[in-house]
Amino acid sequence: EYGYWWPNLKESDYTAIGEGAGKGFNMNIPLNVIGNGDNEYMAFWHNLILPVLHEFQAEIILVSAGYDPAIGCPEGEQTVSPACFAHLTKSLLGLNSRVVALMEGGYFLPSLAESAALTLKTLLGDPVPALLKNLGEPNDTAKETISNVQATLAPHWQCFSQFK
């Protein structure tokens with residue numbers, strides 16, 4: 001929450017984009033409020049992560065599959081549905097990259113189990129389930145974060161060049 005919530009490090013802010021030859025290759029997406037859900041995560045994904053992945057054209061994508069933002073997880077305090085994780089995973093499969101998901105975290109077993117299962121099923125080619133509700137606009141803090149990240153990375157990525 002604007003640096004007052006864990007891990008409250010300057011290295012976690014959107015301005016920490018790497019140094020030297022790696023400058024511009026680090027992307028932090030600060031979640032400045034609790035309760036972000038499918039709307040916000042899909043907005044971050046489609047406005048920040050996917051454009052860079054399309055431009056970078058990685059041969060392999062390693063996903064640190066942590067489910068802390070899942071509904072009910074006391075650690076993440078977010079409200080991302082298991083179906084949303086499947087949709088995020090599905091979008092990676094269209095990038096002509098190999099995708100490896102490595103289990104990381106999540107502390108609410110019902111959401112963790114369903115989210116991990118849907119991620120694996122998606123990687124195996126099963127159809128993704130519908131989201132629980134139609135996506136709407138992300139909250140204002142998510143919009144602010146997206147704008148800040150795009151502007152900060154604009155000098156380094158063509159996909160954000162219009163935000164210079």
Under 3.5 Å donor-acceptor, Q158 side chain and E55 backbone: no
Test item: T89 side-chain N/O and T122 main-chain N/O as donor-acceptor pair under 3.5 Å: no
Working for side chain to side chain contact (heavy atoms under 4.5 Å, CB included), residues S91 and L50: CA-CA 8 Å; S91 64; L50 283 182; 3.9 Å; yes
Side-chain heavy atoms of I29 within contact of I49, under 4.5 Å: yes
Polar side-chain atom of Q78 near backbone of A70 as donor-acceptor pair, under 3.5 Å: no
Over 12 non-hydrogen atoms of neighbours within 6.0 angstrom of CD in E59: no
Min side-chain heavy-atom separation D68-Y107 under 4.5 Å: yes
Co-membership, hydrophobic cluster, residues L109 and M103, 4.5 Å side-chain: yes
Worked check of side chain to side chain contact (heavy atoms under 4.5 Å, CB included) between S81 and I71: CA-CA 6 Å; S81 71; I71 294 171; 4.1 Å; yes
Flag, side chain of E40 to backbone of G37, donor-acceptor distance under 3.5 Å: yes
Any donor-acceptor N or O pair under 3.5 Å, side chains S12, N28: no
Heavy-atom side-chain proximity of I17 to T152 below 4.5 angstrom: yes
Residues N139 and N39: side-chain donor-acceptor under 3.5 angstrom: no
Chi angles and distances behind the ring pair (Phe, Tyr, Trp, His ring centres under 6.0 Å) call for F25, W157: CA-CA 9 Å; F25 287 93; W157 293 98; 5.6 Å; yes
Heavy-atom neighbours of E19 CD exceed 12 at 6.0 Å: no
F163 side chain near L153 side chain, heavy-atom distance below 4.5 Å: no
Over 12 non-hydrogen atoms of neighbours within 6.0 angstrom of NZ in K143: yes
Non-hydrogen side-chain atoms of F160 and P155 separated by less than 4.5 Å: no
